[in-house]
Amino acid sequence: MTDQHRCVTLVPLFNHLPDTDQARVNQLVSHQTVSKGEQILAPDSDPRLVIVARGSMKVYQLSASGREQLLRVVEPGGYEGENVLFGARNENLFSEALQQTEVCVLRQDDFQALLLKYPQISLKLLEINANKMMGVEQQAQFLSMARVEERLASYLLDLAKASSSSRVQIPMKMRELATHLGTTPETLSRKLKQFADAQWIERDHQTIILRDETALEEI
């Protein structure tokens, strides 16, 4: 895989196309390198699909008080912005490079032109959306069945990755975090205490220091 075709090849929406068609799609994609801390997507951005080729970016929203709430970390092969390409409004979604990151950007007009030129992309899109709907159902099941400590550990590790530090600040109230993780404030408090007793973390109110990331990854 050449660097020229890296982004197109990484994305399931395009990588099923023959190489010659992938090359044509690649001509519509702009390749950009963004610095750590640079904003990539914001509510006032033009509608576009952003694909991560190298590096990583965090996706977050702002609370009513203006505090950052981490939603996910997007790594190579991941992408963000597809919903906006179909007319959904981005009212409170941001993304920012966590390190020097290479992204590929596809504008809305070019994306719509691709759908007209390559009907198979439309079919693939329907398949991906169907899988996403199944993923939503599976996620609901996951939230009701999987262990809370797994979700909590994953969230803390993502926060550490987003801040490039083992010292993280919980960006929301404990009640809101409990809702985000699909549990109760009482259970969340109990799990945080268990983590602290095991010396995996050190906690001071909203500030948490990850002492044993390996143990958290293995939960």
Side-chain angles (χ1 to χ4, degrees), residues 10-11 34-42 50-63 65-83 90 92-103 132 135-136 138-185 187-196 198-219:
L10 283 172
V11 180
V34 292
S35 302
K36 179 180 178 179
E38 187 175 343
Q39 197 172 80
I40 302 172
L41 285 173
V50 176
I51 306 161
V52 176
R54 289 193 183 95
S56 58
M57 68 179 181
K58 64 179 178 180
V59 179
Y60 63 94
Q61 63 185 11
L62 297 179
S63 68
S65 62
R67 300 180 71 182
E68 182 180 306
Q69 297 179 338
L70 178 70
L71 298 177
R72 54 190 163 272
V73 173
V74 181
E75 298 185 315
Y79 52 94
E80 198 70 37
E82 70 274 20
N83 291 336
N90 177 12
N92 191 25
L93 197 70
F94 301 81
S95 72
E96 179 183 303
L98 292 175
Q99 60 198 87
Q100 181 167 295
T101 299
E102 293 181 21
V103 299
K132 281 189 175 183
V136 168
Q138 290 169 353
Q139 177 68 7
Q141 186 176 22
F142 166 79
L143 287 175
S144 66
M145 297 180 63
R147 295 184 301 156
V148 174
E149 50 263 50
E150 290 180 71
R151 303 197 292 273
L152 175 58
S154 177
Y155 180 78
L156 293 175
L157 289 166
D158 271 355
L159 275 182
K161 184 180 294 184
S163 61
S164 300
S165 172
S166 60
R167 185 187 198 89
V168 301
Q169 189 76 17
I170 301 296
M172 60 187 90
K173 297 177 180 177
M174 286 296 121
R175 181 178 66 255
E176 295 171 342
L177 178 57
T179 299
H180 182 74
L181 296 177
T183 187
T184 64
T187 298
L188 174 61
S189 178
R190 188 166 61 251
K191 296 302 179 184
L192 284 169
K193 186 177 185 304
Q194 289 175 1
F195 283 12
Q199 298 185 344
W200 297 339
I201 66 170
E202 182 179 329
R203 182 187 174 198
D204 181 12
H205 300 290
Q206 301 291 106
T207 301
I208 293 180
I209 301 174
L210 277 61
R211 293 299 188 192
D212 192 340
E213 295 188 19
T214 300
L216 292 172
E217 290 171 351
E218 293 177 350
I219 290 177

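Not measured: the values here are computed from a predicted model.
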Q. Quick check: are there more than 12 heavy atoms from other residues, nucleotides or ligands sitting under 6.0 Å from CZ of R72?
A. yes
Report task. Give the C-alpha distance, both sets of side-chain angles, the deciding distance and a yes or no for side-chain contact (heavy atoms from CB on, under 4.5 Å) between L157 and E217. Result -> CA-CA 8 Å; L157 289 166; E217 290 171 351; 3.5 Å; yes
Q) Is there a donor-acceptor pair closer than 3.5 Å between any side-chain N or O of R147 and the backbone N or O of E149? A) no
Q: Show your working on side-chain contact (heavy atoms from CB on, under 4.5 Å) between Q206 and M174 and close with a plain yes or no.
A: CA-CA 8 Å; Q206 301 291 106; M174 286 296 121; 3.4 Å; yes
Next item on the list: Return yes when atom CD of Q199 has more than 12 non-hydrogen atoms of other residues, nucleotides or ligands closer than 6.0 Å, and no otherwise.
Entry: no
On a heavy-atom basis, the closest approach of I40 and V34 is CD1-CG2, 3.9 Å
Open item on the list: Show, in sequence, the C-alpha distance, side-chain angles and deciding distance for F94 and Q39, and conclude whether the side-chain contact (heavy atoms from CB on, under 4.5 Å) test is met.
Closed with: CA-CA 7 Å; F94 301 81; Q39 197 172 80; 3.5 Å; yes
For L93 and V59, the nearest pair of non-hydrogen atoms, with its separation, is CD1-CG1, 3.6 Å
Exercise for review: Go through the steps to decide whether Q169 and T207 satisfy the test side chain to side chain donor-acceptor pair (under 3.5 Å), and finish with yes or no.
Suggested key: CA-CA 5 Å; Q169 189 76 17; T207 301; 2.7 Å; yes
Indicate yes or no: at least one non-hydrogen side-chain atom of M57 is less than 4.5 angstrom from one of V52. yes
Between A53 and P76 the two heavy atoms that sit nearest each other are O-CB, 3.4 Å
Review point. Does any N or O in the side chain of N92 come within less than 3.5 Å of the main-chain N or O of L62, such that one atom is a donor and the other an acceptor?
Key: yes
Short side-chain to backbone donor-acceptor contact, S95 and L41, under 3.5 Å:
yes
**Q.** Note, W200 side chain near I219 side chain (heavy atom, < 4.5 Å)
**A.** yes
Check your understanding: Salt bridge between K36 and E96, side-chain N to carboxylate O under 4.0 Å?
Key -> no
Exercise for the section: Decide whether E213 and S166 meet the rule of one side-chain donor and one side-chain acceptor closer than 3.5 Å. Expected result: no
| said: Checking Q99 against S56 for the side chain to side chain donor-acceptor pair (under 3.5 Å) test, could you report, in this order, the C-alpha distance in whole Å, the side-chain angles of both residues, the deciding distance, and whether it holds? | reply: CA-CA 7 Å; Q99 60 198 87; S56 58; 3.1 Å; yes
Taking atom types as modelled, find out whether S35 and Q100 have a side-chain donor-acceptor pair closer than 3.5 angstrom.
no
Between L181 and the options R151, E150, K191, the side-chain contact (heavy atoms from CB on, under 4.5 Å) test singles out R151
Between I201 and R211, is a side-chain contact (heavy atoms from CB on, under 4.5 Å) present by the stated rule, with each step listed?
CA-CA 5 Å; I201 66 170; R211 293 299 188 192; 5.8 Å; no
Closest non-hydrogen contact found for P171 with L70 is CG-N, 4.2 Å
Query raised in the report: Quick one: does E80's side chain get under 4.5 Å of I51's, heavy atoms only?
Result: no
Legend entry - S163 side chain vs L159 backbone, donor-acceptor pair below 3.5 Å: yes
Query raised in the report: Would you call T101 and R54 a side-chain contact if the rule is heavy atoms closer than 4.5 Å?
Result: no
- [ ] Please tell me if the side chains of F195 and L216 come closer than 4.5 Å, counting only heavy atoms from C-beta onward.
- [x] yes
